[in-house]
Structure formats: C-alpha cells, structure tokens
J.: 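Take a look at this one; I'll ask things after.
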Amino acid sequence: MKKVGTSKPTAAATETGPAGHLGTAAQGDGRTRHTVARLLLERGPITAAAVAEELGVSPTAVRRHLDVLVAEGEAYTRESSPRGRRGRGRPAKLYLLTESGRARFGHAYDDLAVAALRFIAEHEGEQAVREFAERRMAALVAHHRDALVAARTPAERAEVLADALTREGYAASARSVGSGEQLCQHHCPVAHVAADFPQLCEAETAAFAEVLGTHVQRLATIANGDAACTTHVPTARLTDPGQSPDSEQTSAGSVPKDRQNTAPIPAGGESV
C-alpha cells in the first residue's frame with residue numbers, strides 16, 4: 001500500500017498540475033479512508049496509533065482520515081477503560097464505526113427483508129419466522145461443516161467458525177479467555193433486520209452451539225447496539241456437531257447483568 005502522511009508531502013497537498021492529478025490524489029485518499037474504516041469495522045474499538053501501525057502510515061495521516069470519518073458521522077470516539085490504560089496521562093481515544101459507517105460495507109435490501117418477514121409473521125405466524133431463521137443459518141454453516149468436524153478442541157473450532165463467518169461477511173475473530181473462547185463478529189450484514197426480528201440472533205446462537213458441540217452464551221449483538229456480536233464458548237468436552245447441545249441465548253443479544261459476569265469479557269463486545 002502506498003504510504004501517505006510521511007515526511008514527504010502528499011500529492012493532494014503539493015500537486016499544482018492538471019486537475020487529473022488532484023483527482024488521482026483524491027481517489028487515493030478515498031481508498032485509504034475506506035481501508036481505515038474497514039480496520040475500525042474489523043478491529044474496533046481501536047486507537048489511531050494502532051491503526052497507523054497496522055497500515056504502515058503516519059499517525060498524523062491516520063488521524064486526518066479518522067477526523068473526516070467522525071465529521072461525516074461514520075465514526076465516533078470513546079475513552080479507553082481504566083483497566084486497559086498504561087501509565088499516567090490522558091486515556092487513549094478509541095475509534096468505532098457508527099451505523100452509518102457500517103452501512104458502507106453493506107446493508108442492502110434491509111427494508112425489503114423487514115417487510116418480507118413482517119408479511120410472513122402476519123400471515124404464517126411467528127413460528128414461520130423462526131423456521132426461516134433456522135433454515136438460513138443451517139444453510140450458512142453447511143458449507144463449512146467438514147472443517148468444523150475436523151477441529152477437535154474448542155479453540156480450533158472457534159477459529160474455524162470465525163474464518164467461516166468472515167468468508168460470509170461477518171468480519172469475525174476468536175481468542176482465548178480465562179474460561180473458554182470468545183467469538184466476535186465485528187460486522188453483521190443483517191443487523192438492521194435482526195433489530196426487528198431477534199429470531200435471527202437466536203437461530204444464529206443455536207447454530208453456533210450445534211456446530212461447536214457445546215453450549216454457548218451470547219453476550220452482545222450489533223443489533224442490540226453493541227460494538228460487536230460477542231459469543232462466549234466455554235471450555236468443555238466437545239460433542240460431535242449435530243448433537244444440538246443446550247445454548248444460553250437471549251433475544252437480540254440482551255443479556256441480564258447477572259449473566260454478563262460469568263466470564264472476564266469486556267462489556268459490549270470489545271475488540272478481539
């Protein structure tokens with residue numbers, strides 16, 4: 001990737017030639033800003049310094065792009081938590097995408113999907129919506145079942161599932177925590193629909209439990225206003241996928257506070 005904001009001035013700042021040169025520079029800025037936005041999507045909440053390090057550009061250039069995203073309503077900031085702070089001084093500023101920022105990565109046909117599900121609910125009942133959600137998730141995981149079956153540990157299966165979800169557009173990642181594995185989906189292509197129809201989140205949670213071979217606990221969802229969809233996968237003896245272990249799930253990721261403290265996981269689905 002071409003570096004911007006280094007010791008040499010950028011083309012946009014120095015070019016005085018034909019308009020085409022300025023257009024090229026603007027296009028380059030647009031591509032870089034899109035890359036910065038995607039990193040916020042996949043890694044957020046994240047600091048400007050971490051973005052700069054990941055992309056290999058100067059912090060000054062990254063902050064310029066972040067400032068534009070914030071000004072345009074596509075990103076917002078919050079302070080880092082005290083427990084993650086190093087040393088004294090002002091807390092680090094964390095950047096996340098807004099719903100408007102997420103929309104650039106695809107919320108197509110949301111209104112149509114909501115209208116269609118409402119029609120199904122009105123004419124066929126809530127159970128029909130639930131069956132639709134279950135069939136949708138069954139089709140999604142079916143493409144990756146062989147790889148999931150081959151993985152024998154909770155960590156391996158969580159990683160395989162994260163890779164599978166990423167290929168399906170969910171920008172997922174997984175990591176080990178004290179009491180198991182934490183699966184994070186940093187993007188949800190159906191978040192707006194799931195906000196009205198929590199059956200989609202419930203079916204997804206049940207599908208995770210089935211393919212992982214252990215019960216899981218949904219801690220947060222984008223549809224419920226969290227930064228990421230976060231699922232806790234406890235360390236347990238795995239069964240074969242298809243045995244449908246009990247899953248702990250809640251509507252659209254809304255989890256009672258007394259259950260949110262069952263594992264040392266950041267509230268709201270912090271970055272993995």
Side-chain angles (χ1 to χ4, degrees), residues 1-15 20-81 83-87 89-107 158-159 162-176 182-189 191 220 222 226-230 266 268-272:
M1 177 182 296
K2 179 180 178 181
K3 293 187 177 182
V4 295
T6 58
S7 58
K8 294 182 180 180
T10 63
T14 62
E15 184 59 55
H21 290 285
L22 292 176
T24 300
Q27 291 173 4
D29 267 357
R31 286 192 296 269
T32 302
R33 193 163 301 133
H34 185 82
T35 302
V36 171
R38 174 165 289 280
L39 198 58
L40 264 59
L41 172 73
E42 296 179 350
R43 305 287 183 84
I46 189 171
T47 64
V51 174
E53 181 178 0
E54 179 72 20
L55 299 183
V57 300
S58 74
T60 300
V62 166
R63 288 190 180 91
R64 176 168 60 83
H65 290 295
L66 289 170
D67 288 344
V68 172
L69 290 172
V70 171
E72 293 179 348
E74 294 192 8
Y76 67 102
T77 64
R78 75 181 190 208
E79 292 183 354
S80 61
S81 61
R83 63 182 176 182
R85 197 179 303 164
R86 294 183 178 180
R90 298 178 61 184
K93 186 181 293 185
L94 298 173
Y95 290 83
L96 304 91
L97 288 184
T98 62
E99 281 302 312
S100 176
R102 293 179 187 276
R104 70 157 67 199
F105 297 99
H107 287 308
E159 286 288 351
D163 289 342
L165 289 169
T166 295
R167 289 194 290 273
E168 299 291 343
Y170 288 83
S173 57
R175 71 168 179 177
S176 295
Q182 179 175 311
L183 179 69
C184 282
Q185 297 151 258
H186 302 278
H187 179 55
C188 177
I222 294 171
D226 297 300
C229 297
T230 307
E270 291 258 287
S271 176
V272 171

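All values below come from the heavy atoms of this structure, side chains included, with hydrogens, waters and symmetry mates left out. Because the structure is a prediction, the values reported are computed rather than measured.
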J.: Residues in side chain to side chain contact (heavy atoms under 4.5 Å, CB included) with Ala37, at least two apart?
T.: Leu69, Leu97, Arg104, Phe105

J.: Judged by atom type as modelled, is there a donor-acceptor pair below 3.5 Å linking the side chain of Thr77 to the main-chain atoms of Lys93?
T.: no

J.: Would you compute the distance between atom CZ of Arg43 and atom CG of Leu94 and round it to the nearest 0.5 angstrom?
T.: 14.5 Å

J.: Who passes side chain to side chain contact (heavy atoms under 4.5 Å, CB included) against Thr166, sequence neighbours left out?
T.: Ala172

J.: To the nearest 0.5 angstrom, please state how far the OH atom of Tyr95 sits from the CZ atom of Arg63.
T.: 7.0 Å

J.: Show the nearest heavy-atom pair for residues Ala158 and Ala174, with the distance to one decimal.
T.: O-CB, 3.8 Å

J.: What is the minimum heavy-atom distance between Arg102 and Ala227, and which atoms define it?
T.: NH2-O, 2.7 Å

J.: Roughly how far apart are Leu41 CG and His34 NE2, rounded to 0.5 Å?
T.: 9.0 Å

J.: Go through the structure and list residues passing side chain to side chain donor-acceptor pair (under 3.5 Å) with Tyr170, not counting sequence neighbours.
T.: Arg136

J.: For Ala162 and Leu183, which heavy atoms make the closest approach, and how far apart are they?
T.: CB-CD1, 3.7 Å

J.: With a 4.5 Å heavy-atom cut-off, do Cys184 and His186 have their side chains touching?
T.: yes

J.: Measuring from Leu39:CG to Glu54:CD, what's the distance to the nearest 0.5 Å?
T.: 5.5 Å

J.: Identify the heavy atoms of Ala92 and Thr47 that sit nearest to each other, and give their distance.
T.: CB-CG2, 3.9 Å

J.: How close do His187 and Gly169 get, heavy atom to heavy atom, and via which atoms?
T.: CD2-O, 3.1 Å

J.: Could you go through Leu40 and Val51, starting from their C-alpha distance and side-chain angles, then the distance that decides it, and tell me whether this counts as side chain to side chain contact (heavy atoms under 4.5 Å, CB included)?
T.: CA-CA 8 Å; Leu40 264 59; Val51 174; 4.1 Å; yes

J.: Roughly how far apart are Asp163 CG and Glu159 CD, rounded to 0.5 Å?
T.: 6.5 Å

J.: Kindly give the heavy-atom pair with the smallest separation between Glu42 and Ala171, and that separation in Å.
T.: CG-CB, 3.9 Å

